[in-house]
**Q** 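Below are the structure tokens for one structure; questions will follow.
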Amino acid sequence: MTQCLNRRIIDELIQYLQRRCICFEDNLDRKCLMPCQAKPYEATPFIHYTSDLNCKGNRMQNYLTPNFSFAPMIPERALGSRVWDTEGREYIDLSGGIAVNALGHCHPDLIAALAEQSQKLWHISNIYTTKPAQELAQKLVEHTFADKVFFCNSGAEANEAALKLARKYGRDHFGGHKTEIISCLNSFHGRTLFTVSVGGQPKYSKDYAPLPQGITHVPFNDVAALEAAIGENTCAVIIEPIQGESGILPATQEYLQTARRLCDEHGALLILDEVQTGMGHTGKLFAYEHYGITPDILSSAKALSGGFPIGAILTTDKIAPTFGPGTHGSTFGGNPMACAVGSRAFDIINAPETLAHVEKQGQKFQTTLRELGEKTGVFKEVRGMGLLIGCVLADKYKGRASEITAAALKHGLMVLVAGADVVRFAPSLLLNDEDMAEGLKRLEAALTEWLV
């Protein structure tokens with residue numbers, strides 16, 4: 001009876017998507033179930049919004065707090081690497097919801113997983129465990145260094161949990177002096193008071209003083225500075241394998257391997273923040289696999305459920321018991337629907353053909369971006385791993401990355417900034433040649449107009 005009901009719901013969802021003229025992206029190949037009626041792409045002028053938003057020719061009051069500066073369009077529906085706004089305009093999405101939509105928008109397998117779980121169990125207290133939570137945790141354990149997983153709801157929560165775990169581990173095993181956390185300048189670890197303090201960007205934390213103490217910041221990729229900073233009071237070193245918000249800047253092999261060695265020598269834990277780099281974006285399931293090391297704690301979120309809110313930390317049997325009953329928690333952590341979607345997303349992302357596709361498309365994408373940089377003179381460097389890519393602006397255009405993202409949007413392309421000097425790309429891991437080519441065509445048109 002339940003299986004018949006779930007099948008009927010999935011069939012109804014597919015019929016609904018067909019009626020809306022949406023194209024499925026089936027794994028690596030986009031297949032249209034029926035002709036789309038979306039408006040053809042054309043460059044359109046910006047609509048400048050103040051407190052109101054434009055929706056199908058009408059004014060829509062904005063009831064949200066002003067901490068976000070919304071783009072001058074309202075997304076209404078999406079599939080694969082295509083997005084349509086409320087005016088019917090089509091966009092190529094090469095931003096991936098800031099490295100979240102790893103399988104593109106509305107992947108049919110994720111829709112099916114969500115529909116099936118929604119008929120079983122939405123939420124239950126963490127007095128209980130659930131089959132979806134245990135299944136996703138098992139997959140993460142079986143394919144990484146980890147033995148245990150803690151689920152939460154976001155990257156900030158994951159890093160908060162990782163830092164709390166490290167401090168408690170240091171205190172429990174070495175005494176009250178072992179509380180210092182070493183982080184990198186220009187890092188980003190979330191927006192909670194603790195994580196924004198650990199992140200090495202005062203612009204995000206200065207307005208919230210007094211800030212948590214016991215945090216030391218060192219220059220990224222500076223081995224000597226890290227060696228000088230770590231000591232007997234250090235409980236943890238936290239590093240992004242690729243600094244995301246600060247310019248898609250990969251850590252060097254020497255830096256991460258030195259961090260691992262120093263942590264071992266000083267009884268500190270190595271935390272790798274893989275909120276942005278994890279779940280296939282670099283061509284490996286997690287970026288640490290490129291470096292020949294393993295962390296003690298790893299944080300994950302963003303792409304972990306392909307767009308459904310979830311976060312996690314992965315750790316070992318040596319460290320996990322520090323979080324005894326009642327020491328930490330999360331009301332919605334391990335939500336059955338998030339974990340059901342995450343489990344299906346994991347299977348697709350971790351498939352060898354998906355990771356090989358990321359490597360292939362990443363090389364192709366970066367090569368074309370370099371050629372575009374040479375042709376236009378806008379980019380002086382293209383860097384990153386896999387499909388997590390940053391284009392560094394030439395010196396004469398420094399500080400103008402946001403202008404380029406605005407110009408791209410006008411031409412039907414969604415891209416990101418990573419600081420003021422870098423244009424960032426984090427597209428679907430299933431990005432096909434057609435969407436890549438069309439996105440790059442629109443980027444070239446945007447740059448050409450912007451340069452005039």
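Below, each value reflects all heavy atoms present in this structure, side chains not excepted, and no hydrogens, waters or symmetry copies.
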**Q** Which heavy atom of Ser81 sits nearest a heavy atom of Asp435, and at what distance?
**A** CB-OD2, 3.5 Å
**Q** Quick one, Ser299 with Asn159, criterion side chain to side chain donor-acceptor pair (under 3.5 Å). Give me CA distance, side-chain angles, the key distance, then yes/no.
**A** CA-CA 6 Å; Ser299 57; Asn159 283 322; 2.7 Å; yes
**Q** Going through the checks in order, is the side chain to side chain donor-acceptor pair (under 3.5 Å) test met by Gln138 and Gln134?
**A** CA-CA 6 Å; Gln138 180 181 1; Gln134 291 293 342; over 6 Å; no
**Q** Are Tyr204 and Phe188, when compared by the centres of their aromatic rings, separated by less than 6.0 Å?
**A** yes
**Q** Please determine which of Glu160, Lys168, Lys164 meets the side-chain hydrogen bond (donor to acceptor under 3.5 Å, both in side chains) test together with His328.
**A** Lys164
**Q** Quick one: which of Ile248, Thr282, Leu272 gives a side chain to side chain contact (heavy atoms under 4.5 Å, CB included) with Thr277?
**A** Thr282
**Q** Return the minimal non-hydrogen interatomic distance between Arg424 and Ala418, and the atom names on each side.
**A** NE-CB, 3.7 Å
**Q** Please determine if Arg370 forms a cation-pi arrangement with Phe379, meaning its NZ or CZ atom is less than 6.0 Å from the six-membered ring centre and no more than 45° off the ring axis.
**A** no
**Q** Could you tell me whether the side chain of Phe70 reaches within less than 4.5 Å of the side chain of Asn62, counting heavy atoms only?
**A** yes
**Q** Quick one: which of Gln117, Lys139, Lys131, Glu135 gives a side-chain hydrogen bond (donor to acceptor under 3.5 Å, both in side chains) with Ser343?
**A** Lys139
**Q** Work out which heavy atom in Thr195 is nearest to a heavy atom in Gly190; give both atom names and the distance.
**A** OG1-C, 3.2 Å
**Q** Would you check if Phe425 and Leu443 make a side-chain contact, meaning some heavy-atom pair closer than 4.5 Å?
**A** yes
**Q** Do the ring planes of Phe332 and His123 sit parallel (below 30°), tilted (30 to 60°) or perpendicular (above 60°)?
**A** tilted
**Q** Does a donor on one side chain and an acceptor on the other come within less than 3.5 Å for Lys364 and Gln361?
**A** yes
**Q** Does Leu285 reach the side chain of Phe346, with side-chain heavy atoms less than 4.5 Å apart?
**A** yes
**Q** Can you tell me how far apart CZ (Arg344) and CG (Leu136) are? Round to the nearest 0.5 Å.
**A** 13.0 Å
**Q** Just checking, is any N or O donor in the side chain of Asn153 or Ser330 under 3.5 Å from an acceptor N or O on the other one?
**A** yes
**Q** Please report the C-alpha distance between Ser300 and Glu274 in whole Å, then the side-chain angles of each, then the deciding distance to 0.1 Å, and finally whether the side chain to side chain donor-acceptor pair (under 3.5 Å) criterion is met.
**A** CA-CA 5 Å; Ser300 179; Glu274 294 235 31; over 6 Å; no
